[in-house]
Amino acid sequence: MMNMARTIRETIARRLSRRHFLRGLAVTAMGALPLVRALIPGALAQERTLPPRRRRKIETPFDLAVVKGESPGAITRRAVQALGGMGRFVKKGDTVVIKPNIGWNRAPEYAATTNPEVVAALVRLCFEAGAARVKVFDHTCNDAAMSYARSGISVAAKAAGASVSYVSGARFIPGAFPKGSEMASWPVYRDAVHCDCFINVPVAKHHGLTKLTLSMKNLMGVCGGNRGVMHWNIDAKLSELTDFISPDLTVIDAYRILLNRGPSGGNLRDVKTTKTVIAGTDPVLADSYAATLFGIRPGDIGHIRAAEGRGLGTTDIARSRITRIAV
């Protein structure tokens with residue numbers, strides 16, 4: 001009995017000691033938290049809301065460059081060159097985000113995802129301009145690993161030197177959209193805002209709801225939450241999202257365009273090869289020009305009208321400075 005009593009006392013003593021130790025550890029950790037936050041500026045724990053991205057003021061010789069040719073990579077390079085070169089957008093030491101459409105488990109020839117050669121060309125141009133890091137990511141609709149692989153974008157972008165990653169749920173933070181915004185507190189991917197240069201690289205294709213999905217629609221890939229709900233009053237939401245992200249450069253891959261059954265496609269009969277890349281700083285103008293490749297007037301696309309009404313750009317192709325080049 002005495003041995004049993006001693007065992008019970010020792011067990012209680014150990015548990016009390018462990019409880020005191022854990023309590024002390026918790027207190028120490030809480031006390032150290034301000035120091036950790038001070039040592040790691042911009043730590044995720046500090047960011048309860050994500051501010052709108054600040055865009056650099058960039059002047060280019062043309063409002064839009066439209067380039068046609070056999071090589072997707074070559075016409076991409078030529079389009080950026082026509083705008084004054086990547087040095088207009090990327091500075092030495094910059095962190096650059098290149099946001100293609102990797103949403104679907106489709107091979108490039110189905111025109112449901114951005115052409116990998118276009119993405120790789122942009123990555124290389126960024127490094128040539130002095131970028132320290134180039135990130136490539138998208139919040140996919142199909143399985144991320146399969147979509148990244150089958151689209152060809154993962155291999156091509158990595159070969160060009162980019163940091164290619166799947167999106168992490170922990171990095172979606174409520175965006176500080178204006179009061180009364182349709183996008184109020186919508187979670188936005190932190191890396192899409194915390195960059196020096198944002199390059200939006202959609203593929204031009206049909207969409208069952210919005211008629212077309214171009215550069216502004218492509219920005220849904222930086223959003224978390226229930227993106228199906230975003231389709232309610234989508235015109236206003238896309239214009240507000242475009243304003244929030246403020247892409248520095250828009251490059252629309254129209255080498256192949258998807259004419260029907262978008263956005264996922266799946267039938268090669270719906271694909272038209274136009275061998276075109278469109279590049280510019282005005283996402284409204286870029287989307288407006290791309291719409292003409294489908295025989296659609298820009299004014300017939302609701303989110304393009306909404307974005308122009310918001311002052312984000314122009315649909316007036318005739319009065320814009322556009323250079324058309326054949327390579």
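It should be emphasised that the depicted structure is a prediction, and the values quoted were computed from it without experimental measurement.
- Aromatic ring centres of Phe172 and His139: separated by under 6.0 Å.
- Rounding to the nearest 0.5 angstrom, the gap separating the OG1 atom in Thr250 from the CG atom in Leu285 is 10.0 Å.
- Nearest approach of Leu238 to Thr242, heavy atoms of both residues: O-OG1, 2.8 Å.
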Exercise. Just do the side-chain contact (heavy atoms from CB on, under 4.5 Å) check on Val203 and Arg256 with the steps written out, would you?
Key: CA-CA 8 Å; Val203 62; Arg256 300 180 187 92; over 6 Å; no

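- Within the model, atoms NE2 of His207 and CG of Leu212 stand 10.0 Å from one another, a figure rounded to the nearest 0.5 Å.
- Within the 3.5 Å criterion, the main-chain N or O of Asp94 finds no donor-acceptor partner in the side chain of Asp196.
- Contact record, Ala160 with Ala120: CB-O, 3.7 Å, taken as the closest heavy-atom pair.
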Exercise. Go through the steps to decide whether Arg124 and Phe127 satisfy the test side-chain contact (heavy atoms from CB on, under 4.5 Å), and finish with yes or no.
Key: CA-CA 5 Å; Arg124 292 190 177 97; Phe127 282 121; 5.9 Å; no

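- Judged purely by atom type and a 3.5 angstrom limit, Glu308 has no side-chain atom pairing as donor or acceptor with the backbone of Thr314.
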Quiz item: Are His194 and Glu47 close enough, and set up right, to give a side chain to side chain donor-acceptor pair (under 3.5 Å), and what steps lead you there?
Solution: CA-CA 12 Å; His194 287 287; Glu47 293 186 283; 2.7 Å; yes

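- For the 3.5 Å distance criterion, the side chains of Arg54 and Ser246 fail to qualify, holding no donor opposite an acceptor.
- Cluster annotation: Ile257 is connected to Val66 through the hydrophobic network of ILVMFWY side chains, with a link wherever side-chain heavy atoms come within less than 4.5 Å.
- Nearest heavy-atom pair across Thr140 and Ile102 is CG2-O, 3.2 Å.
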Quiz prompt | Test log, rule side chain to side chain donor-acceptor pair (under 3.5 Å), inputs Asp287 and Ser215 | solution = CA-CA 6 Å; Asp287 282 7; Ser215 78; 2.8 Å; yes

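- Comment: Asp248 engages Arg53 in a salt bridge, judged by a side-chain N to carboxylate O separation of less than 4.0 angstrom.
- The nearest pair of heavy atoms linking Leu50 to Ile173 is N-CG2, 3.8 Å.
- Using a cut-off of 4.0 Å between Lys/Arg side-chain N and Asp/Glu carboxylate O, Arg77 and Glu117 are scored as not salt-bridged.
- Residues Arg88 and Pro61 share a closest heavy-atom pair of NH1-CD, 3.7 Å.
- One finds the CH2 atom of Trp232 at 9.5 Å from the NZ atom of Lys237 (value rounded to the nearest 0.5 Å).
- A donor-acceptor distance shorter than 3.5 angstrom exists from the side chain of Glu240 to the backbone of Glu182, with no hydrogens or angles considered.
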Practice problem: Quick one: do Ile252 and Val277 satisfy side-chain contact (heavy atoms from CB on, under 4.5 Å)? Show the steps, please. | Solution: CA-CA 6 Å; Ile252 298 181; Val277 162; over 6 Å; no

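- The residues Lys275 and Glu70 are annotated as salt-bridged, a charged nitrogen and a carboxylate oxygen being separated by less than 4.0 angstrom.
- Of the possible polar contacts, one joining the Asn142 side chain to the Asn105 backbone as a donor-acceptor pair under 3.5 Å is found.
- Checked by atom type, the side-chain pair Asp253/Thr114 shows no donor-acceptor distance below 3.5 Å.
- The six-membered or imidazole ring of Tyr148 lies near that of Tyr166, with a centre-to-centre distance under 6.0 Å.
- Both Val97 and Val201 sit in one connected hydrophobic cluster of ILVMFWY residues. Membership requires side-chain heavy atoms under 4.5 Å apart, directly or through other members.
- For residues 241-297, the pairs satisfying ring-ring contact (aromatic ring centres under 6.0 Å, His included) are Phe177-Phe244, with sequence neighbours left out.
- Distance check: Arg297 CZ to Ser288 OG gives 12.5 Å after rounding to the nearest 0.5 Å.
- Phe89 places none of its side-chain heavy atoms less than 4.5 Å from the side chain of Ile199.
- Checked for salt-bridge contact, Arg171 and Asp191 meet the test: a charged N lies under 4.0 Å from a carboxylate O.
- Checked against Asp270 for a salt bridge (Lys or Arg N to Asp or Glu O under 4.0 Å), the options Arg106, Lys205, Arg261 give a single hit: Arg261.
- Under the 4.5 Å side-chain contact rule for hydrophobic residues, Leu312 and Val193 do not share a cluster.
- Both Ile98 and Ile58 sit in one connected hydrophobic cluster of ILVMFWY residues. Membership requires side-chain heavy atoms under 4.5 Å apart, directly or through other members.
- Arg55 has no carboxylate O lying under 4.0 Å from a charged side-chain N of Asp243, or vice versa, which leaves the two without a salt bridge.
- Atom CE of Met146 sits about 13.5 Å away from atom CH2 of Trp104, to the nearest 0.5 Å.
- Using a 4.0 Å cut-off between charged nitrogen and carboxylate oxygen, Arg319 and Asp316 count as a salt-bridge pair.
- Using a 3.5 Å distance cut-off with no hydrogens or angles, the side chains of Lys135 and Ser163 do not pair a donor with an acceptor.
- The distance from the CD1 atom of Ile278 to the OG1 atom of Thr274 is 7.5 Å, given to the nearest 0.5 Å.
- Clustering ILVMFWY residues whenever any of their side-chain heavy atoms sit less than 4.5 angstrom apart, transitively, puts Ile296 in the very cluster that holds Leu214.
- Of all non-hydrogen atoms in Gly221 and Asp138, the two that sit nearest each other are CA-OD1, 3.3 Å.
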